[in-house]
Amino acid sequence: MHIVICIKQVPDSAQIRVHPVTNTIMRQGVPTIINPYDLFALEEALRLRDAYGGEVTVLSMGPPMAEDSLRKALGYGADRAVLLTDRYFAGSDTLATSFALSQAIAKVGETFGPPDIVFTGKQTIDGDTAQVGPGIAKRLDLQQLTYVAKIGSIDLAAREIEVERRCEGGTQMLKSRLPCLITVLEGTNEIRRGSFEDALCAARSQIVKWTAVAAGIEDLTRCGLRGSPTVVKRVFAPTARAEKAEQIETAEKTLRDAADELIAAIFTRQPPLEHELAFNNGA
Amino acid sequence: MSTANREPARPAAGRAGIKKELPDRFKDYRHVWVFIELERGQVHPVSFELLGEGRKLADKLGVQLAGVVLGPPGEATWYAVAEAFAYGADLVYIAEAPLLADYRNEPFTKVMTDLVDTHKPEILLLGATTLGRDLAGSVATTLQTGLTADCTELDVDTDGSLAATRPTFGGSLLCTIYTLNYRPQMATVRARVMPMPQRTDKPVGRIIQHKVSLAEDEIVTKVLGFLPDSQSAKANLAYADVVVAGGLGLGAAENLQLVKNLARAIGAEHGCSRPLVQKGWMPADRQIGQTGKTIRPKLYIAAGISGAIQHRVGVEGADLIVAINTDPTAPIFDFAHLGIVTDAIRFLPALTEAFTRRLSPHSRDKLAS
């Protein structure tokens, strides 16, 4: 079984700061990580390979430094890493990104064997759109299975797969066909520690690097800013509220008195709420 | 459903296509559409919230607002149609077929893109639910148009373009995104970001039925079963009237019990900020914020939450925000209405007790008298 997994190198958003004066992102010194949601997808891909045999190819589109993330993925035990990197990709929105990645996946298929499953994480933590996975599926005409919490049986001979997919209010049990694209939900599995051998291998592995042309993309106008139908017109910081919170003073007060005072302040601002809460708690 | 026969995405002008020169083939795209999400007989409330927002956009543009209902033949589907009118739709497109009973990407994408190709809306809005996100990505890719995810604000520009504002960089900044040279202009909005509009007694309007030309045996993916969430596991955070949440200031996983105790005492739902989910202290469906749930309660109590912008965008719709934090400079005090600078671990038990005292049956009698 050949599994392709797409990962993205993202800034650790917990550590991003906005410049107080210029309202621009201060990227300097912000560490980059593999998008945390992609790690669940990577682990799922490795588990399936271990169970059914085959190979895992990790694919990433990004600047040359995204090589770090690919090397980490190799350290977890992936068999091969491909980096799609070209200045033509700069400024890609989700439509342009899914175009480039789908072309690269097709090229991976030609070069290393057609994929049975393409994995992505549920979404990235920098863009948060959850659109690239569905975009790839549509372009490659793969069955699309999003928010998958569990992969059940795979019948390689019959080309069938059963998955559990989370949706509003419950879980859908689906039966579908290979090849398919699966976006993996967080918490699906526990991410392994890579073995020492894998880590050694990863450090020495050759990472396949493709430009747009090398990935088989003929129409460069479909990449990057030019291939992106969405245009960011304005970036700004959210406006601050005029007033700060009204403070409940705690000095020289017992916790009990402070609590009573806070509750009084709550019910002064929201008088009907007291009745509702008391009603809901009615003994 | 190959996309190969479509025109490649090629902006009409400029490197980023900033200059608006709408190609002729898009010039007759009119009207605002809202996808009415119907799953297992239930309309998702986000669809009504979107009708409220869609109404404003349609009025600004001087066009009609339409709901789009895809579902199995039967009462539930027609009920969704009537509800769409009651929440402000001028007309409703309805596609009925047994194969639209349970959501599957393939038939829904096919029917939705057919509808768009036939009736040409200029704006198409969907809820950013699991269903809406699954469908929106496929529809936008098939139509080769722009899609802006998880918007927090929608508006119409002076030249009639949709201005879709969404948080970026984990919520630290907002950006306004345009789809200038393509139609429809698509956007998703999460539940509870927009207020629920007033329901009116207008259960009728113009109905346009769309014939589904797709057979079950053409659809690859089959639904084998559905397992509803057990009542206890279901976190109804987004629609709760009162929410209590904990953050890193609680110090340890076991202190989350203090949040749960207060929530139980006042009949609230409990939640948390993102770092707690990342630490595995609470399940992801309890997370409040940009990547978690957006909430709009009457009362929100944040204990030990510093109030990073990522969290702020998820709670701004609350009527009353109360912050408990040891750090007087924590950003949460910039958007909370009431604040108390104290240690949540010590204060929460006192608050729980005080609420219990005040809300006891005895004091309830006093209130009623």
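Every chain is numbered from 1, with letters handed out A, B, ... down the list of sequences.
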Is it the side chain or the backbone of [X] that comes within 4.5 Å of chain B heavy atoms, both, or neither?
X: Glu164(A); value: neither
X: Glu162(A); value: side chain
X: Asp93(A); value: neither
X: Ala96(A); value: neither
X: Thr250(A); value: side chain
X: Arg269(A); value: side chain
X: Ala137(A); value: neither
X: Phe99(A); value: neither
X: Leu174(A); value: both
X: Leu185(A); value: neither

With a 4.5 angstrom heavy-atom cut-off, which part of [X] approaches chain A: side chain, backbone, both or neither?
X: Pro328(B); result: backbone
X: Thr165(B); result: side chain
X: Val322(B); result: side chain
X: Val277(B); result: neither
X: Asp157(B); result: side chain
X: Thr145(B); result: backbone

Can you tell if the side chain of [X] reaches within under 4.5 Å of the side chain of [Y], non-hydrogen atoms only?
X: Ser176(A); Y: Val220(B); result: yes
X: Asp334(B); Y: Lys244(A); result: yes
X: Thr109(B); Y: Gln144(A); result: no

Task: Over all atoms of both residues, closest heavy-atom pair of Asp150(B) and Asp128(A) - done: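 Smallest heavy-atom distance, with atoms named: OD2-O, 4.0 Å.
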Task: Closest approach of Ala264(A) to Arg358(B) (non-hydrogen atoms, all atoms of both residues) - done: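 Closest pair (atom of Ala264(A), atom of Arg358(B), distance): CA-NH1, 3.9 Å.
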Task: Qualifying residue for side-chain hydrogen bond (donor to acceptor under 3.5 Å, both in side chains) with Thr221(B), from Gln172(A), Arg165(A), Gln143(A) - done: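 The single option meeting the side-chain hydrogen bond (donor to acceptor under 3.5 Å, both in side chains) with Thr221(B) is Gln143(A).
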Open item on the list: For Lys150(A), I'd like to know if atom NZ has over 12 heavy atoms of other residues, nucleotides or ligands within 6.0 Å.
Closed with: no
